[in-house]
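The structure displayed is predicted, hence computed values, not measured ones.
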Amino acid sequence: THTDIEWAHYKQWDIVQLTQNYLRLILDYVKQSLLLCDDDDDDGGDKQFGVLVHCISGWDRTPLFVCLLRLSLWADGVIHGSLDSAEILYLTLCYDWLLFTHQ
């Protein structure tokens, strides 16, 4: 869980620590959302959830986190199951990077 991250010291983190801890936090939220969807699946329907990724350290880092998150969830078979590796790469580059004007 993200409780083992010392958030009180975030101002002293270098860019590597910031990236690692932020990605760890996002993945923890996704994991908790997936667990809630599984626990709340009493009607047999597919539950959906979303995660809002806010820019934390410059606008160019947001597509990086979204890209890593999308690829991780795809590799685990959670999202975009019908896409092959070339298609998920194309989606990630075009949607997560180019659509949001990351040049």
Engineer: Between N21 and W13, is a side-chain contact (heavy atoms from CB on, under 4.5 Å) present by the stated rule, with each step listed?
Structural biologist: CA-CA 9 Å; N21 288 335; W13 293 344; 3.2 Å; yes
Engineer: Output a table of donor-acceptor pairs, distance under 3.5 Å, between side-chain atoms of residues 86-93 and any protein atom two or more places apart or on a different chain; print 'none' if there are none.
Structural biologist:
residue : atom : partner : partner atom : Å
E87     : OE1  : D84     : N            : 2.9
T92     : OG1  : I88     : O            : 2.8

Engineer: Can you tell me how far the CD1 atom of I26 sits from the NZ atom of K31, to the nearest 0.5 Å?
Structural biologist: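 These two atoms lie 16.0 Å from each other.
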Engineer: To the nearest 0.5 Å, tell me how far Q20 CD sits from I5 CD1.
Structural biologist: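 Q20 CD to I5 CD1: 10.0 Å, rounded to 0.5 Å.
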Engineer: Quick check for you: to the nearest 0.5 Å, what is the distance between R24 atom CZ and T19 atom OG1?
Structural biologist: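 Going from CZ on R24 over to OG1 on T19, the span is 11.5 Å.
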Engineer: L18 pairs by side-chain contact (heavy atoms from CB on, under 4.5 Å) with which of V16, D14, I15?
Structural biologist: I15
Engineer: Check residues 65-76 and write down every donor-acceptor pair under 3.5 Å in which the side-chain atom is one partner and the other belongs to a residue at least two apart or another chain.
Structural biologist:
residue : atom : partner : partner atom : Å
R70     : NE   : D96     : OD2          : 2.9
R70     : NH1  : H80     : NE2          : 2.9
R70     : NH2  : D96     : OD1          : 2.9
S72     : OG   : L68     : O            : 2.8
W74     : NE1  : H80     : O            : 3.4
W74     : NE1  : L83     : O            : 3.1

Engineer: Working to the nearest 0.5 Å, report the span between NE2 of H9 and CH2 of W7.
Structural biologist: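 Rounded to the nearest 0.5 Å, the NE2-CH2 separation comes to 12.5 Å.
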